[in-house]
Protein chains: 2
Amino acid sequence: MPKAYEEIADDLRRSIRTGGLPPGARLPAETELARRFGKSVPTIRNALRMLSAEGLIDKRHGSGTFVRRPRTRTLRDNTRLQWDKDRARMPEATRAATGATEHETGLVLDDLVFFARYRELGAPGDLAEAFGVPPGTVLLERTYRTRCSAEPAPFSLVSSYLVRDLIAANPALLDETREPWPGGTQHQLRTVGIEVARVEERVTARPPTPEEARELDLPAGTSVIVLRKTSYDIHGRVVDVSVVTLPGDRTELLFTTHLERW
Amino acid sequence: MPKAYEEIADDLRRSIRTGGLPPGARLPAETELARRFGKSVPTIRNALRMLSAEGLIDKRHGSGTFVRRPRTRTLRDNTRLQWDKDRARMPEATRAATGATEHETGLVLDDLVFFARYRELGAPGDLAEAFGVPPGTVLLERTYRTRCSAEPAPFSLVSSYLVRDLIAANPALLDETREPWPGGTQHQLRTVGIEVARVEERVTARPPTPEEARELDLPAGTSVIVLRKTSYDIHGRVVDVSVVTLPGDRTELLFTTHLERW
DNA sequence: GAGTGGTCTAGACCACACG
DNA sequence: GTGTGGTCTAGACCACTCC
């Protein structure tokens, strides 16, 4: 027996894919759809919930159900890592003038609103393993939120971890009021003699937690991209671990790999 | 006024996060939960649907609701691109002996089940633009499904596109029965004198379409990672565009970036 | 067969958007 | 104010799983 709500969802999905219902279009009211399909309102709602979970529609309380428009994506490019490294050797004036790049995204801090918070904690198991230190070693946790001044929601949630003893030689690095630091993390590390030689970025995706959905202003039917970044210095030692949570509907990651010539 | 189903969802979510309900544990029946929380069954179902969408629980018709266990992730490493390139110059015996790497994933074709289908089509707008050719130019579309012999579902959906005239010099490249090709795409391109110098991989994430959920056997509350791979030859010409769809609950992408020394 | 979640109905009342 | 979707109830019947 065909399930009514799936048939209805299929029907509407087809209309959306073929363009019969273009992006931004308003769907008929649920009561109207119930009448047309000859089913009850809860059944219609069931069908619409499927489409909502797939990210095809947005339901707006009080005004209707609309076909979702694709979001414009911000690009996050791994060549920014080299660019950051080059910049870390520039004089402060230059570093400040180029505009501090937004941490972890590669955007420029011009019309960006920036927020940072520092906290010390004992390394939990997974971070201790990542750094190769005993569990409980004191880490500095730095939490960042950055957003365009135009948009209300941040475009990334960043937690960066450093081993405190590795950077304590420069007390300024422990002071959150010095953020945003001109030149970024690579310059901060340079002030204590650390040079980053290699960065590993691990990418996964999953649905957002309610907290992430709230902070990133994510509608139903979207995913987050979770990027776990590990920075190694020239001796192969782990010097920074960052966890970056990005909105899947607004973010594109670009990784360029150069191959050796034959 | 607090919403009942959110309160219930929060309560259960807390139990799951703190470990009060460990992975694999069965939740009480919906009727039982309704009794405990003093709400109707549909309200309980509403709360459970939230947790399901977040990927915290699995509902199994007939047997109950369970806390989801994290899946083990397969790693997809961008250093495989160089490895593939090196292998493309090996003699056929070596290429076959190393086991043809699974296209786009870096796994070895030992206990892998492999399926390929070829088709020609006129380039639609986005692909024509990516290749820098006029729309309608004939492309070869190659569709791959690969899975572990143990698992029923494939671990990636791959569509690879080549400009037919660029590879037609070797008719074997147009023959799907030659798959799996020992040495992979980079060796295939080598047979017509093409050397890949650079690969760009663009990563996004979103909820699966119903078709993807079916093919990849994705439960509710998971995402897909979409990887759009563009290969450039030594003259900067685009020679391959691939779209790879990966299950977000079973996949981790690893990108390593080496930085120049100071 | 007993128990589970899945589908569907019918309707009441509330919260929100917009004119 | 009017119409929209959001929440919640109460219950019937079906389909699946497992003993």
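Both backbone and side-chain heavy atoms feed into the values below; hydrogens, waters and symmetry mates do not. In this text, all values refer to a predicted model and were calculated from it rather than measured experimentally. Residue numbering restarts at 1 for every chain, and letters A, B, ... go by the order of the sequence lines.
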For Tyr118(A) and Tyr144(A), take the angle between the two ring planes, folded into 0 to 90°, and tell me which bin it lands in: parallel under 30, tilted 30 to 60, perpendicular over 60.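 It falls in the perpendicular class, over 60°.
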
Strictly distance-based, threshold 3.5 Å: is any side-chain N or O of Glu200(B) a donor or acceptor partner for the main-chain N or O of Thr256(A)?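 Looks like no, no N/O pair under 3.5 Å.
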
For Phe66(B) and dT4(C), what is the distance between atoms CZ and P respectively, to the nearest whole Å? 11 Å

Arg17(B) and Glu211(A) ion-paired at < 4.0 Å: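 The answer is yes: the pair qualifies as a salt bridge.
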
Could you check whether Arg147(B) makes a cation-pi contact with Phe155(B), meaning its NZ or CZ is under 6.0 Å from the centre of the six-membered ring and within 45° of the ring axis?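 Arg147(B) over Phe155(B) ring: no.
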
Going 5' to 3' along nucleotides 5-12 of chain D, which nucleotides have protein heavy atoms under 4.0 Å from the base (write B), which only from the sugar-phosphate (write S), and which from neither (write -)? BBBSBB--

Give me the atom names and distance for the closest heavy-atom approach of Glu54(A) to Pro210(B).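 Scanning both residues, the minimum pair turns out to be OE2-CG, 3.5 Å.
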
